[in-house]
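Letters A, B, ... are given to chains in the order of the sequence lines, protein chains preceding strands, and every chain is numbered from 1.
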Amino acid sequence: MPELPEVEVVRTGLEPAVHGAVIRAVEVFEPRSLRRHDRLVMGEFAETLAERRILAAVRRGKYLWFPLGEPGDASSGEADPVALVGHLGMSGQLLLRLPGAPDDRNLRIRLHLDRDDNTPRDEGHYREVWVNFVDQRIFGSLAIDRLVPTDDAGSGGAGSPSPLIPESVRHIARDPLDEAFGDGLFFERLSRRRTAIKRALLDQRLVSGIGNIYADEALWAARIHYDQPAHTISRRKARDLLTQARLVLEKALAEGGTSFDAQYLNVNGEAGYFAHSLNAYGRQGRPCPRCGRVMVREAFMNRSSHLCPRCQRLR
DNA sequence: CTTTCGCCCTGAGTGC
DNA sequence: TGCACTCAGGGCGAAA
């Protein structure tokens, strides 16, 4: 399940291949993957993308977007900036393929990119490349959206200094690895929430990029029970939780993300290694790496929570 | 405003 | 061998 580290691995993998490239053609094999594309506002998906240059690869939380130049123009878009916006959902992948490669299983959308500049070809760069959007469960999607100014005038996300963000991503909070993430504001809002801490961690309007895996990992590291009401957690404890969240996200990113099966792969179709480093997620029935107590899995919010019943007690 | 709930979706796995 | 059923869960709109 792609969360912040996995999406960032995809972004950095895609960046050198797509930055500056022009979209020559688009094939849509599964219209449901365009569920969030508003054709009445932006026009037909494929037609709107044709002959547009990709100016950057940007990420905030679990969202990716690619600001686009004017149609058929080499210069950057100014008048009415738009972007190709992507979310991987539960099982989405963006795979780089050479033209002519056999179809990937569950291939939903394919972009044909053409690099018409003088980028050196001897460093693994190719003039033409396919970007395949693969998604088994179709929870992910691609869409075209308008770019609007960020609420705090800071950069939209990782990968570009531009203070613009897709309209449909504006409600997403900055993620813990974002330099402009406001720690103080986060603690303030957390202290006013009467809901369970894990529910708060998963609320992308409060803090983005954290999903079920990294929520369980951060809570285990900070020794907090998932159902502990957010407002009962001390400032000191909340600060530790944010620190632990950052540590686990950074470590997972450094290890290429978490792959259990073929649900998450990087742009070259390779798995990440962080699954070997998990301390809580999926470790029910096995000893807690810290105290040795047998860990458990409990149902919470229609998903699973993994915890050590000794280290993580409800207070 | 906050909070919760149900729906979207496929394929691997399980039990009979 | 086959079929019905369960589970995995991020995001969002609706409802309380």
Exercise for review: Taking atom CZ of A:Arg170 as the centre, report whether more than 12 heavy atoms of other residues, nucleotides or ligands fall under 6.0 Å from it.
Suggested key: no

The answer to which of A:Phe139 and A:Ile172 contacts DNA chain C further toward the 5' end, by nearest nucleotide, is A:Phe139

A:Arg32 has its side chain closest, among C:dA8, B:dC9, C:dG10, to B:dC9

Rounded to whole Å, the CD-P distance (A:Gln136 to C:dG10) equals 15 Å

From NZ of A:Lys62 across to P of C:dC12 the rounded distance in Å is 10 Å

Is the backbone of A:Leu219 close enough, under 3.5 Å, to the side chain of A:Gln244 for a donor and an acceptor to pair up by distance?
no

Item to check | Donor/acceptor link under 3.5 angstrom from A:Arg137 side chain onto base of C:dA8 | outcome: yes

Contacts of A:Arg35 and A:Arg105 projected onto DNA chain B by closest heavy atom; the upstream (5') one is A:Arg35

**Request:** Scan A:Asn106 against the nucleic acid and name what it touches under 4.0 Å (heavy atoms): base, sugar-phosphate only, or nothing.
**Result:** sugar-phosphate

Identify whether any heavy atom of A:Tyr214 sits under 4.0 Å from a base atom; if not, whether one sits that close to sugar-phosphate; answer base, sugar-phosphate or nothing. nothing

Do A:Val131 and A:Val22 share a hydrophobic cluster, counting only Ile, Leu, Val, Met, Phe, Trp and Tyr and linking them when any side-chain heavy atoms are less than 4.5 Å apart? no

> In terms of side-chain heavy atoms, does A:Thr258 have a donor or acceptor partner in A:Tyr214 at a distance below 3.5 Å?
Replying inline: yes

To the nearest angstrom, the CE-P distance between A:Met90 and B:dC7 comes to 18 Å

Under 4.0 Å from OP1 or OP2 of C:dG11: is there any side-chain N or O of A:His171 that close? no

### Query
Can you find a side chain N or O atom of A:Arg297 that sits less than 4.0 Å from OP1 or OP2 on C:dA8?
yes

A:Arg199 has its side chain closest, among C:dG9, C:dG11, B:dT4, to B:dT4

When rounded to whole Å, the CZ to P distance for the pair A:Phe133 and B:dC9 reads 14 Å

With the side chain defined as heavy atoms from C-beta on, A:Arg194 is closest, among B:dT3, C:dG10, C:dC12, to B:dT3

Rounded to whole Å, CG of A:Asp216 lies from P of C:dG9 at a distance of 9 Å

Over all strands shown, is A:Phe300 touching base, sugar-phosphate only, or nothing at heavy-atom distances under 4.0 angstrom? nothing

Open item on the list: Is the phosphate of C:dG10 approached by A:Gln204 (side-chain N or O, under 4.0 Å from OP1 or OP2)?
Closed with: no

| query | When you check the phosphate oxygens OP1 and OP2 of C:dG11, does a side-chain N or O of A:His87 lie under 4.0 Å from one of them? | reply | yes

(Q) For A:Glu27 and A:His112, which I'm curious about, is there any donor-acceptor pair between the side chains at under 3.5 Å? (A) yes

Considering only heavy side-chain atoms of A:Ile138, the closest of B:dT4, B:dG11, B:dC9 is B:dC9

Rounded to whole Å, CG of A:Asp203 lies from P of B:dC5 at a distance of 15 Å

Which part of the nucleic acid, if any, lies within contact of A:Arg192, taking any heavy atom under 4.0 Å across all strands shown: a base, the sugar-phosphate backbone alone, or nothing?
nothing

OP1 or OP2 of C:dA8 less than 4.0 angstrom from a side-chain nitrogen or oxygen of A:Ser304, does that happen here? yes

Closest to the side chain of A:Thr195, out of B:dT4, C:dG11, C:dG9, is B:dT4

From CZ of A:Arg205 across to C1' of B:dC1 the rounded distance in Å is 11 Å

Give the ring-plane orientation class for A:Tyr226 versus A:Phe300, where under 30° counts as parallel, over 60° as perpendicular and anything between as tilted. tilted

To the nearest angstrom, the CD1-P distance between A:Ile213 and C:dA8 comes to 12 Å

